[in-house]
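Notes to accompany the following structure.
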Amino acid sequence: MFRTALKKGSMELIVLHTLTEGPRHGYEIGRLIELRSQGRLTYRISSFYPVLCRMEKRGWISGRWVEKEGERRRRFYRLTPRGEQVLAEQTAYWLEFTGAIDRILGVAHA
Amino acid sequence: MPDWIHLVRERLALEALARGLEDSVIEEIAAQLEDCWRDALARGASEEAARAEALALIEDWDRLASDITVAVGSDPVEAADRRVEAAEHRLRRHPDRFDWLADALHDLRLAVRRLVRRPAFLLLALASLAVGLGTATAIFSVANAIFLRPLPIEDPDRVVEVFRGRGGNHAYPDFLRLQETGAAFIRLAACDEYWYGEGADKPVFLRSGTDLLRVSLGLVSGEYFDVIGIGPALGRLLVPADNRPEGGNPVAVLSWAFWQRRFAGRPEVVGSEIDLSGTSYRVVGIARSGFLGSSRMSSVDVWIPAVMRRAVDAPDVGYDIVTSDNSWIEIIGRLEPGVSLELAQERLTAILQQGDFTDQFSRQGVTVEPIQEAALKFWIQSRAIAYLRLLLLAAGLLVLVVGVNVMSLFLGRSDEEAAAYSVRRALGARGRHLAREILTESLLIALAGGGLALLLALWLNGLLVRLLAGGLGFSTAMTDLSLDGHVLGFTVALAAAIGLGVGIPAFLRIPHQDVAAGLRRGPVTGRGRFRLPGLPASLVVAQLALTMVLLTGAGLLLRTVVNLRADDPGFDPHHVLMLTLDNEHLPLASDQAGPEYARLAEQVRALPGVVGVGIAKVPPLAGQTWSGRMDFEGYAPGPDEWAGAYYNLVDPGYLGMMGIRLLRGRGLEPEDGYGSEPVAVVNEALVRRFWPGTDPLGKTLDPDPGEGREPFRVVGVVADHLYSDTRTGRVPVVYFPIAQYFRRTPILLVRTTTDPYSFVGAVRAAVQELDPRLNLHTPLTLEDQISAAGSHERATALLFLFFAATALLLAAVGTYGVVNRMTLQRRREIGIRVALGARAEEILGRVIGRGLRLVFLGLLLGLALAVAGTRLLGSLLFQVGAFDAVTYLAVAVILTVAGILACVVPARRALRVDPIEVLRAE
């Protein structure tokens, strides 16, 4: 049920958030989202990877190939300053938005 | 282990990507699949199951390929962006010098990005700016051509006009004497570019074979071109040696435009002879291109020496200009270096007191004025200027409407972004930066709109020129609307003003201190009930009010146009051809005129298809008037009363041919000739005014009171008809027999059975058979003349209507925008209301009611403005008051309907809100 919502943009916010703790590679980001949403958001390359590409292109994140001893090389992403800014904006939007909905629906604030 | 890279490469069609990029994408996806596969194996899955789990990460390979291509594909905006970024980078290497430029580039880049990402906003803003600024620019370029553009002469500020009294012309002998004594501090020249100029009463014709071409003639002294300070394009100009005694020096200089138009710029024209009104002139040169005379009112085709005046005049009115005291010529002068206007004025006054000048000059004194101001002095009072002023005002209102429109678009947008700005402030962005960013954006869009406006103005100018030259009688020089520095400056300044006027409030609306408050004001405003966003709503009210002013003006002018229509002129205007019968230069004694005109009428009457012929000095509804004081038998005018009537001089056939009804007595007969008893026919209006309740037949009237001539006896009374135009209306008219009251160059009117214009050739041939020297020119049907009569008003009304319609459209869009935003913001609330059982009418009523509240506020404010504004229309209106209730009511209805229409779409959208869907979307 969340799949359409994912395509519609909150995906970016989530990805940005996962990178606040440090650089991660694509598979790691995907699994982390699945894990933290307790499986409600499922990881699919087909919906996830284009978002990653787009965000990199916009300069919100930047990717770099990293080779580690004994492992195949992987592409690690980290937040750019622009990405941090976008994250702040989108987080604020999100909180405001859900807050408004809560108010309408009469859900009490925590 | 499966070869993941190979597998991905097989299935993912990424041809559109660059090679290196494709490899990188494939490798990365392969890595993810492999990670997933390893995880599955580690959890103890079979190799087969692990492979299936990994492949399940990609549901649709083609879709993935196209999504990736779109996500990393090249976007023109991005590409441009990167180039600017690179330039920025290069600039940054020279830190101190180019910081500001790099900053500006950066801001510009951001602004372009943000604008391009909102095409609807961009298009709407650009379109309104283009229309509003475009019309304003077009109207301004007319004002520019008339008031601001310097005359195309050498150092125009040093050239002055010397007036008799405050604005009078001079007798030629006064010019000669002034010239002798003033030579040390001012170079003087005499010129007349008015009496025989464009549109003047006395047309001058260039004849080649049987072809006649009307030309605009300038009569100037030999010093003229030297004083003006322009040179020849070809040959020579007039020089002082051309001031040889009267009539003996037939030379001519052509204007560049006329030379091109009439002679296709052929150089051999210089040295050839041209025939002007029967006198042959040798063309000695062509004046420099662009020069059309000493004032903007003149558009001279041909200059001849002033001493040739007698050859231009009719032989019986021409006089010796070297000796005549008649004041007809203007004097212009170029101040010698170091001589100020005041000094020239002082010295000329001194000269005038000592010298031997005509009485009127000595008595009235002398005034010196810069020629650029003097040239406009008289014209500025004219009706055409009144219309122009009005149009400037209307264009100004339209610009306001557009400015307001763009502002409300902009504010709407910045409201949406207010939260983002607040966050950026919270993150430490400096106010200066935000301001710069917003202003760059608003200026960018305003200037882009200004650029489009200039293009639109170029196109509109073409239309305006036709309208102004045709309807308002502007001279050629005044309708040269080419874009020059003034016009460009005007448009850019206006655009910049709008840019700042829009950007500054948008910036000020960003919350400065309290970030939390800013966030709360974000995309969701208001609480509980339907509330309109404050500032955008007041802007829409302002728009509606200004629109009301324009609509009211347009309505009043339209009613004027309708009232001016001569539906019942009092005569039959159909199938009547009019031709000016030019016998100005023919020897024709007063006693011969009657029989001569009678023969001519008879000759034309004999043509097949001609059913009536008349001759009249004053054609009906041509805008010409001729009135004078008269003595009416038995009528004693009050002390301040002007007792007089309008003239017409007609032949015996005129009244019958026009279908002007004879009410009493008889019409004019062939027997009423020169030497027989002077008789006249009057109209009802005259009888009502001067002889009410008595029998007018047999009464006398005297058109030359006190001159002791035999008065005219009234023999008939005819019905009233419109005389010169609808405004003048049905005035008292006296018809004198043209045989008894002789004037040259009357109008020949021919009633035909079919298309009157097809008779021009036949009528001309018939007349010239009688006397080949007779010119018949300016063919026009009576119907065409009548329809041309209201063209001033029609032109203005049309432009007003255009302004008003544009403003109405913008105001409707503005209203739509505000109501629509309100509806969108209240979507959830509407959904809940619907869920709670609100009926459709209730929702509709709420939305439309909100919109109409704006409209009514606008109407109220507009009413106040319109009452103040339409008073300016005052004298231009006809048979409709500036406070005409019908017009105001109609305007109110139009605005209300437009307002309702603007609300209908958002209202319908509100109705379509599905409560379940809205609530679920939360």
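Everything numeric in this text was worked out from a predicted model, so none of it was measured. Chain identifiers are assigned alphabetically (A, B, ...) following the order of the sequence lines, protein sequences preceding nucleic acid strands; residue numbering begins at 1 within each chain.
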Response to the item:
The interface call for B:Ala56 against chain A, heavy-atom contacts under 4.5 Å, is backbone
Practice prompt. Determine, stepwise, if the pair B:Val25 / A:Tyr49 fulfils side-chain contact (heavy atoms from CB on, under 4.5 Å).
Written response: CA-CA 9 Å; B:Val25 167; A:Tyr49 188 68; 3.7 Å; yes
Practice prompt. May I have the step-by-step check of side-chain contact (heavy atoms from CB on, under 4.5 Å) for A:Tyr27 and B:Arg38, ending in yes or no?
Written response: CA-CA 12 Å; A:Tyr27 182 71; B:Arg38 280 186 201 286; over 6 Å; no
Discussion item. Nearest 0.5 angstrom please: B:Asp67 CG to A:Phe48 CZ, how far?
Written reply: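 Answer for the CG-CZ pair, B:Asp67 versus A:Phe48, is 14.0 Å.
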Item to complete: Give a yes or no on this: more than 12 heavy atoms of other residues, nucleotides or ligands lie within 6.0 Å of atom CH2 of A:Trp65.
Response: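 More than 12 heavy atoms, drawn from other residues, nucleotides or ligands, come within 6.0 Å of this atom.
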Worksheet item: Is the closest basic N to carboxylate O distance between B:Asp35 and A:Arg31 below 4.0 Å?
Response: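 No, B:Asp35 and A:Arg31 are not salt-bridged.
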Worksheet entry | Cationic N near anionic O, under 4.0 Å, A:Arg73 to B:Glu27 |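 Yes, charged N to carboxylate O under 4.0 Å.
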Fill in: Residue, of B:Leu64, B:Leu57, B:Asp60, that accumulates the most heavy atom pairs under 4.5 Å with chain A
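Heavy-atom pair counts peak at B:Leu57.
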Worksheet entry | For B:Ile68 against A:Cys53, the heavy-atom pair lying closest together |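 Looking at all heavy atoms of both residues, the closest pair is CG2-SG, 4.2 Å.
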Discussion item. Looking at every non-hydrogen atom in both residues, tell me the closest pair between B:Gln32 and A:Gly26 and how far apart they are.
Written reply: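 Scanning both residues, the minimum pair turns out to be NE2-CA, 3.8 Å.
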